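Here is the structure we will look at.
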Amino acid sequence: MRGFGKNDQQYCAFCGRPADANRRVVKAPNDDIYICENCVAACQTVLNDERHSIRPIDMEDVPSPKEFKEYLDQYVIGQDMAKKVLSVAVYNHYKQLSIPKEKQLETDVKIEKSNILLLGPTGSGKTLLAKTLAQKLKVPFAIADATTLTEAGYVGEDVENVLLKLINAADGDVSAAERGIIFIDEIDKISRKSENTSITRDVSGEGVQQALLKILEGTHASVPPQGGRKHPNQEMIDIDTTNILFICGGAFVGLDKIIEERMASSSIGFGAEGTHRTEEERMELLNQVTSDDLVKFGIIPELIGRLPMTCALKELNRDDLKRILTEPKNAITKQFQASFAIDDVDLTFSEEAIDEIASIAIKSKTGARGLRAIVEKVLLDIMFEVPSVKGKKKLEITPDIVNQKYIPEAQTLLIDQKTA
């Protein structure tokens, strides 16, 4: 059907109605065929309904735990135990999602998901591990900060805004979001203020933990499409959190002391247990955490029960940081080398420079997270000057450059000085 009638009037090829002030039409790219805005909206509804029909995951698309770990090894240095725990947990979770709903109804056995709690210092790789897993699975992934959340009705973000981030990561596809992964960082910062004698409610601590319970376990949540607070008569996005995998992370500063006190309670006399521990010993200590330890820290028992898998990450040492700078597929030095190559600069880092950058990161206690900021600062003046100089250039980063004792001039980097 052509989109024209008498006097070249435009008609919708779907409903046959003419274009007017209340009905806009869109022309097809390669033909004089039109569709009106009402029919476009109807088509979108049909597509959304098809998208939201839940289909089981094909297990051929889900890597085995060994394949998961091999993939993580390419992007994350160290933390082998955490990689194993995450690989097994994620595999089991998506294996359960591969079972068709009809088969799930035939059996009385319901496999529950195993949300994960990661304990470890800042910059140890908690967020990167979760993000890399989602990248391998090609599922939506969202990061939320627990410190911004408050109990419903108080200043701050409602816990449902965590789900909105996942929906946005899935480009509005609720069905895809319902199979995604959410990483909630700084979960230790919402610990219950047990020593607080104030009569006011603990709206950013225990109140948030209570609000997270249903979402972590699995519920139909109503999410405001624009975020913020819920209002009466506001249109909501309905999302089922049953199949969303939650990974929670936090530094849990002081938790090791709580565990140590429990384990040393049978010891006699002062100093029966050594208080100075290596990072490996501290990680082993955190891996022996019990529900009682977490309750003493300030996490409510109901939330602990919804995070059945717990794993500790160790603080990264100098060798780990040096490997992070150079070995992963997207290593920081490789990123800067690729960036400088666009400006015809052959960038290299000496072993001594790598060692110096790692030392600065250890002194600043920022872990792997601080490495990029250090390299950015080292290369700032060079990055400012280099694009103005044409021709092939070569630059090796040395300890003097890292320590800002020497800043090379862009002209001196030219391989062929005649072009200067």
Side-chain angles (χ1 to χ4, degrees), residues 82 86 89 113-131 133-134 140-169 177 180-196 200-219 221 223-224 227-230 239 241 244-255 258 286 289 291 293-313 367 369:
L86 282 168
K113 63 180 175 180
S114 294
N115 296 317
I116 306 156
L117 176 62
L118 296 179
L119 319 170
T122 181
S124 57
K126 299 185 293 293
T127 308
L128 181 59
L129 282 167
K131 188 176 182 179
L133 278 173
F141 175 74
I143 301 173
D145 192 335
T147 56
T148 64
L149 304 176
T150 58
E151 193 175 341
Y154 292 85
V155 175
E157 290 188 358
D158 286 346
V159 293
E160 285 82 6
N161 287 340
V162 171
L163 301 174
L164 180 62
K165 290 180 181 180
L166 187 65
I167 294 170
N168 290 337
I181 297 175
I182 294 179
F183 180 78
I184 303 179
D185 203 4
E186 308 287 4
I187 197 76
D188 55 318
K189 303 301 188 295
I190 59 169
S191 60
R192 180 168 49 193
K193 313 297 187 293
S194 54
E195 292 81 19
N196 189 0
T200 57
R201 297 186 66 176
D202 185 13
V203 299
S204 62
E206 184 176 357
V208 176
Q209 294 188 51
Q210 296 282 1
L212 282 171
L213 295 179
K214 277 295 179 186
I215 290 178
L216 263 65
E217 183 179 17
T219 187
V223 182
R229 295 295 180 197
K230 295 179 182 177
I239 180 169
T241 67
I244 296 174
L245 183 66
F246 288 86
I247 302 174
C248 299
F252 286 87
V253 176
L255 180 60
I258 295 173
L286 288 174
V289 67
S291 299
D293 298 326
L294 290 169
V295 169
K296 280 188 179 180
F297 187 85
I299 307 298
I300 62 175
E302 297 90 338
L303 184 61
I304 297 168
R306 287 161 175 80
L307 296 166
M309 297 198 72
T310 305
C311 183
L313 285 74
R369 186 176 280 111

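For clarity, every value in this text was computed on a predicted model and none was experimentally measured.
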Checklist entry - At their closest point, which heavy atom of I247 faces which heavy atom of A130, and how far apart are they? => result CD1-CB, 3.9 Å
Checklist entry - Can you name the nearest heavy-atom pair linking I116 to A89, along with the distance? => result CD1-CB, 3.5 Å
Item to check | Heavy atoms of other groups near K165 NZ, more than 12 under 6.0 Å | outcome: yes
Checklist entry - Which pairs with one or both residues in residues 298-310 pass salt bridge (Lys or Arg N to Asp or Glu O under 4.0 Å), sequence neighbours excluded? => result E217-R306
Checklist entry - Sequence neighbours excluded, which residues qualify as side-chain hydrogen bond (donor to acceptor under 3.5 Å, both in side chains) partners of T122? => result R369
Checklist entry - Taking all atoms of both residues into account, what is the closest heavy-atom pair of E206 and I300, and its distance? => result CG-CG2, 3.9 Å
Which pairs of donor and acceptor atoms, one on a side chain in residues 180-187, lie under 3.5 Å apart (sequence neighbours left out)?
{"from": "E186", "atom 1": "OE1", "to": "K189", "atom 2": "NZ", "distance (Å)": "2.8"}

Item to check | Contact summary for G305 and P308, nearest pair of heavy atoms | outcome: O-CD, 4.2 Å
Checklist entry - For V289, what residues pass the side-chain contact (heavy atoms from CB on, under 4.5 Å) criterion, not counting sequence neighbours? => result L119, L255, I259, D293, L294, T310
Checklist entry - Got a second to check how far L129's CG is from C311's SG, nearest 0.5 Å? => result 9.0 Å
Item to check | All ring-ring contact (aromatic ring centres under 6.0 Å, His included) counterparts of F141, not counting sequence neighbours | outcome: none
Next on the checklist: Nearest 0.5 angstrom please: I299 CD1 to S291 OG, how far?
Outcome noted: 11.5 Å
Checklist entry - Got a second to check how far T241's OG1 is from L163's CG, nearest 0.5 Å? => result 6.5 Å
Next on the checklist: To the closest 0.5 Å, what do you measure between CG (L149) and CG (L212)?
Outcome noted: 6.5 Å
Checklist entry - So, for G250 and D188, which heavy atoms are closest and what is the spacing to 0.1 Å? => result CA-OD1, 3.3 Å
Next on the checklist: Just verifying a value: how many Å separate T219 OG1 and L213 CG, rounded to the nearest 0.5 Å?
Outcome noted: 11.0 Å
Checklist entry - By side-chain hydrogen bond (donor to acceptor under 3.5 Å, both in side chains), which residues pair with N168, not counting sequence neighbours? => result none
Item to check | Heavy-atom donor-acceptor pair, K126 side chain to P121 backbone, under 3.5 Å | outcome: yes
Item to check | Under the side-chain contact (heavy atoms from CB on, under 4.5 Å) test, residues paired with A177 that sit two or more places apart | outcome: L166, I167, A170, I239
Checklist entry - To the nearest 0.5 Å, what is the distance between CG (N115) and CE (M309)? => result 11.0 Å
Checklist entry - How close do A312 and L286 get, heavy atom to heavy atom, and via which atoms? => result CB-CB, 3.4 Å
